[in-house]
Peer 1: 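There's a structure below that I have some questions on.
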2 protein chains.
Amino acid sequence: MHSEVVASRSADQRDSRESRNGNPHLDAVSLAIIEQLQQDGRRPYAAIGKAVGLSEAAVRQRVQKLLDQGVMQIVAVTDPLTVGFRRQAMVGVNAEGDVEAIADALSDMSEVEYVVMTAGSFDILAEIVCEDDDHLLDVINKRIRALPGVRSTESFVYLKLKKQTYMWGTR
Amino acid sequence: MHSEVVASRSADQRDSRESRNGNPHLDAVSLAIIEQLQQDGRRPYAAIGKAVGLSEAAVRQRVQKLLDQGVMQIVAVTDPLTVGFRRQAMVGVNAEGDVEAIADALSDMSEVEYVVMTAGSFDILAEIVCEDDDHLLDVINKRIRALPGVRSTESFVYLKLKKQTYMWGTR
DNA sequence: AACACGGCTGCGAAATCCGTAGGTCTCGGT
DNA sequence: ACCGAGACCTACGGATTTCGCAGCCGTGTT
């Protein structure tokens, strides 16, 4: 049937401290719960409990804790194209000075979906979601390049999205 | 209070065909429903109904349809770091020949979270999620560079994730 | 030993979900 | 003009789920 996760109780309870990097530690059962919710964010607690070998209430408490801790969130994700956003691009940014401040400024823009500081020939990568070419042009040229400290940018306009998963932790 | 979406009934019902690009058309009410679920994927239908001005059953039917059509999915998303993936990178790929086939090959790799074909100095951008440096190195050098048609790659190792939203359609 | 703490179970009440029947409006065919 | 099909909504009762809480059990501390 569905692979039960049998976890010795005592082992579970020992594992509920923080690991050294300050992140909450996740045991096998919590990972299994996350996997269930990655398949269907609305799956009932009782069904999850049956799959991972826990009571409904226990699953509910764990899920609530994972949400509170910010380990996961349960959200609707959409295909941008069907929601009316026809132009997307990844923008590589070269910056000088306070790079993190620039990353914060990018994060404040609503058209910017994703910001990450990187090592390599770009200091920052930012994903932009726009309604049309004019909108995209405006964001890149007028707003991003105008930020103080931005030395140069390079844009990669999306032609075709091939894969997009939310399956972290499910391998 | 919370901004009600008042939609003239007749206008709604007219709007439920396919738009010319084959994508299901979304009216204001469906967008409002999506917004609600982007804030909390488990929000009860009745609460959503109150917010968007529809009955519980109507919301339920719309949500089901949006899921069936693939317009959205309700899933748990996690912070990769807390789930044990410590190294991430964006890889830009230059390719020759059948670029789409290469993108497909990348998509088949479980470590590859995100693949997009682009215009610009890279043909493909791929996001890699790995457990450690060895794993990352292995994926990039042994598996990606080994693909026939891959001319060159450039990697951007993630230093700090600054923003990651799932708020498409919410502006 | 006693106690605090974290985590699990069990249970009853409240809230939610689900299927379905029935109404309205629009469009298309006869 | 009329009728039927289809899309979408509301209403409603029964099944299911969620929720809060009391109680229990290991573990670690004093």
Side-chain angles (χ1 to χ4, degrees), chain A residues 4-19 22-34 36-37 39-74 76 82, chain B residues 4-20 22-34 36-37 39-76 82:
Chain A
E4 289 260 338
V5 175
V6 263
S8 107
R9 179 102 38 245
S10 52
D12 280 2
Q13 304 198 188
R14 223 183 311 111
D15 268 348
S16 49
R17 275 152 281 146
E18 310 256 319
S19 55
N23 290 333
H25 182 264
L26 298 181
D27 62 19
V29 178
S30 287
L31 276 187
I33 292 175
I34 292 175
Q36 294 288 316
L37 289 170
Q39 289 166 35
D40 174 5
R42 277 186 163 259
R43 184 163 300 170
Y45 296 131
I48 298 172
K50 191 160 297 185
V52 307
L54 239 53
S55 70
E56 176 270 334
V59 172
R60 179 155 39 91
Q61 287 156 12
R62 286 216 187 206
V63 168
Q64 192 54 53
K65 197 165 161 199
L66 290 170
L67 295 174
D68 290 344
Q69 286 174 151
V71 174
M72 71 169 180
Q73 37 185 340
I74 300 176
T82 71
Chain B
E4 290 260 338
V5 175
V6 264
S8 105
R9 178 108 31 249
S10 51
D12 281 0
Q13 304 197 190
R14 223 182 312 111
D15 268 348
S16 51
R17 275 151 281 147
E18 309 257 321
S19 55
R20 84 190 113 330
N23 292 334
H25 182 265
L26 297 181
D27 61 21
V29 177
S30 286
L31 276 186
I33 291 175
I34 292 174
Q36 295 287 317
L37 289 170
Q39 289 166 35
D40 174 6
R42 281 183 98 91
R43 185 163 296 170
Y45 296 131
I48 298 172
K50 191 161 296 186
V52 307
L54 238 53
S55 70
E56 175 271 337
V59 172
R60 179 157 38 91
Q61 287 155 11
R62 285 216 188 207
V63 168
Q64 192 54 53
K65 197 166 162 198
L66 290 170
L67 295 173
D68 289 344
Q69 287 174 151
V71 174
M72 71 170 180
Q73 37 186 337
I74 300 176
V75 295
T82 71

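Lettering of chains follows the sequences in order, A, B, ..., and the numbering in each one begins at 1.
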Peer 1: In whole angstroms, how far is the P atom of dA7(D) from the CG atom of L54(B)?
Peer 2: 18 Å

Peer 1: Across nucleotides 10-15 of chain C, 5' to 3', mark each nucleotide with B, S or - according to how protein heavy atoms within less than 4.0 Å reach it.
Peer 2: B-----

Peer 1: Between R42(A) and dC17(C), does any side-chain N or O lie under 4.0 Å from OP1 or OP2?
Peer 2: yes

Peer 1: Roughly how many Å is it from CG in L37(B) to P in dC17(C), rounded to a whole number?
Peer 2: 11 Å

Peer 1: Rounded at 0.5 Å granularity, tell me how far CD1 in I33(B) sits from OH in Y45(B).
Peer 2: 10.0 Å

Peer 1: Rounded off to whole Å, could you give me the CD1-to-P distance for the I48(B) and dC18(C) pair?
Peer 2: 12 Å

Peer 1: In whole angstrom, give the distance that lies between atom CD of Q69(A) and atom C1' of dG7(C).
Peer 2: 13 Å

Peer 1: From L67(B) CG over to R42(A) CZ, what is the distance, rounded to the nearest 0.5 angstrom?
Peer 2: 9.0 Å

Peer 1: Counting only side-chain heavy atoms from C-beta out, which of dA7(D), dC17(C), dT10(D) sits nearest to K65(B)?
Peer 2: dA7(D)

Peer 1: Taking only residues two or more places apart in sequence, or in another chain, which ones meet A47(A) in a side chain to side chain contact (heavy atoms under 4.5 Å, CB included)?
Peer 2: R43(A), P44(A)

Peer 1: Mind calculating the distance between CZ (R43(A)) and P (dC18(C)) to the nearest angstrom?
Peer 2: 13 Å

Peer 1: Hey, what do you get for OG (S55(A)) to CZ (R60(A)), rounding to the nearest 0.5 Å?
Peer 2: 8.5 Å

Peer 1: Of the options dT18(D), dC8(D), dC8(C), whose atoms approach the side-chain atoms of Y45(A) most closely?
Peer 2: dT18(D)

Peer 1: Could you state the interatomic distance from CD (Q64(B)) to CD (Q61(B)), rounded to the nearest 0.5 Å?
Peer 2: 10.0 Å

Peer 1: In whole Å, what is the span from the CG atom of D68(B) to the P atom of dC8(D)?
Peer 2: 13 Å

Peer 1: Should V75(B) and L37(A) be marked as a side chain to side chain contact (heavy atoms under 4.5 Å, CB included) after you check the CA-CA gap, both sets of side-chain angles, and the distance that decides it?
Peer 2: CA-CA 6 Å; V75(B) 295; L37(A) 289 170; over 6 Å; no

Peer 1: So for the helix from dA1(C)-dT30(D) to dT30(C)-dA1(D), with five pairs setting each end axis, what is the inter-axis angle to 10°?
Peer 2: 20°

Peer 1: Does either side chain, that of D40(B) or that of Q36(B), offer a donor lying less than 3.5 Å from an acceptor on the other one?
Peer 2: no

Peer 1: For the CZ atom of R62(B) and the CG atom of L26(B), what is their distance to the nearest 0.5 Å?
Peer 2: 9.5 Å

Peer 1: With a 4.5 Å limit on heavy-atom distance, are the side chains of V29(A) and L54(A) in contact?
Peer 2: yes

